[in-house]
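Worksheet: one structure, shown below.
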Amino acid sequence: MRTVAQVSAGGVAYRRRADGAIDVALVLVGAKRRWQLPKGIVDPGETPAATALREVREEAGIATELVAPLAPIEYWYVGAERGGGEQVRFHKRVHFYLLAYRAGDVRDHDREVLEARWVPLAEAEALLAFPSERRVVAEARALLQP
């Protein structure tokens, strides 16, 4: 089976409430209805940071600004190439960023997302489907709550 490298980017988008508590934006996607961080494939000529800002805007419906890079994650999976192509083995690297909320509403997410919502930071890790994304949120929590 052929191997294809794939690069994506996304973010831990957060907001501080008036009481000082922190929420993060999560998205519910796919037939298996998994809670995830918003992310997507880096387009040609686009930087991972620009992709993270774009994907959070598209998938979570909110505009954010870059605060800090977070540790990237890597994983392997088997799937079809874009356009219904052959089955290939993907080696995926996802760049994540800590992103501060600026404007928008999570109800304005795109069609590929079933739901986007603000989740208290303390509850976000438990909702996320993948351990690697839970580690990313833990890293963000450490930066936000010294």
In a table with atom names and distances, give each donor-acceptor pair under 3.5 Å that connects a side chain of residues 63-72 to protein atoms at least two apart or in another chain.
from: E65; atom 1: OE2; to: R102; atom 2: NE; distance (Å): 2.7
from: E65; atom 1: OE2; to: R102; atom 2: NH2; distance (Å): 2.2

Approximate separation, where rounding is to 0.5 Å, of [X] [atom1] and [Y] [atom2]:
X    : Y   : atom1 : atom2 : answer
F130 : R34 : CZ    : CZ    : 4.0 Å
D105 : I62 : CG    : CD1   : 9.5 Å
L121 : R15 : CG    : CZ    : 12.5 Å

Exceeds 12 heavy-atom contacts within 6.0 angstrom, atom CZ of R17: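 Atom CZ in R17 is crowded, with more than 12 foreign heavy atoms closer than 6.0 Å.
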
Results of side-chain hydrogen bond (donor to acceptor under 3.5 Å, both in side chains) for R111 - residues two or more places apart only: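 R111 satisfies side-chain hydrogen bond (donor to acceptor under 3.5 Å, both in side chains) with no other residue.
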
Residues in side-chain hydrogen bond (donor to acceptor under 3.5 Å, both in side chains) contact with E115, at least two apart in sequence or another chain: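 E115 satisfies side-chain hydrogen bond (donor to acceptor under 3.5 Å, both in side chains) with R117 once adjacent residues are dropped.
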
Determine whether [X] and [Y] make a side-chain contact, defined as any pair of heavy atoms from C-beta on separated by less than 4.5 Å.
X    : Y    : value
L99  : L53  : yes
E133 : W35  : no
R16  : L144 : yes
Y77  : Q6   : yes
V27  : H109 : no
E59  : Q36  : no

Main-chain N/O of V29 paired to E112 side chain as donor or acceptor, under 3.5 Å: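 Pair absent, no side-chain N/O of E112 close to backbone of V29.
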
For [X] and [Y], work out which heavy atoms get closest and say how close.
X   : Y    : result
A9  : A52  : CB-N, 3.9 Å
I73 : S132 : CD1-OG, 3.4 Å
P48 : Y97  : CB-OH, 3.4 Å
E46 : V42  : O-CG1, 3.1 Å
A60 : A116 : CA-CB, 4.0 Å

Contacts of type ring pair (Phe, Tyr, Trp, His ring centres under 6.0 Å), residue Y75, not counting sequence neighbours: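 Not a single residue meets the ring pair (Phe, Tyr, Trp, His ring centres under 6.0 Å) criterion with Y75.
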
Ring pair (Phe, Tyr, Trp, His ring centres under 6.0 Å) against W118, all qualifying residues, sequence neighbours excluded: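 Applying ring pair (Phe, Tyr, Trp, His ring centres under 6.0 Å) to W118 gives Y101.
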
Side-chain ion pair, R2 and E81, N-O less than 4.0 Å: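 Counted as a salt bridge, because a side-chain N and a carboxylate O are separated by less than 4.0 Å.
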
May I ask whether [X] and [Y] are part of the same hydrophobic cluster, defined by side-chain heavy atoms of I, L, V, M, F, W, Y residues being less than 4.5 angstrom apart, directly or through others?
X    : Y    : result
Y14  : V56  : no
V7   : V94  : no
V106 : V113 : no
V136 : I41  : no
L98  : L128 : yes

Sequence-distant partners of R93, salt bridge (Lys or Arg N to Asp or Glu O under 4.0 Å), two or more places apart: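 Salt bridge (Lys or Arg N to Asp or Glu O under 4.0 Å) list for R93, sorted by chain: E74.
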
Full working for side-chain contact (heavy atoms from CB on, under 4.5 Å) between D43 and T51: CA-CA 7 Å; D43 287 338; T51 299; 5.7 Å; no

Identified salt bridge (charged side-chain N to carboxylate O under 4.0 Å, His left out) counterpart of E125 within the set R141, R135, R134: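 So the option named by the test is R141.
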
Step-by-step side-chain contact (heavy atoms from CB on, under 4.5 Å) determination, T3 to V88: CA-CA 6 Å; T3 299; V88 296; over 6 Å; no

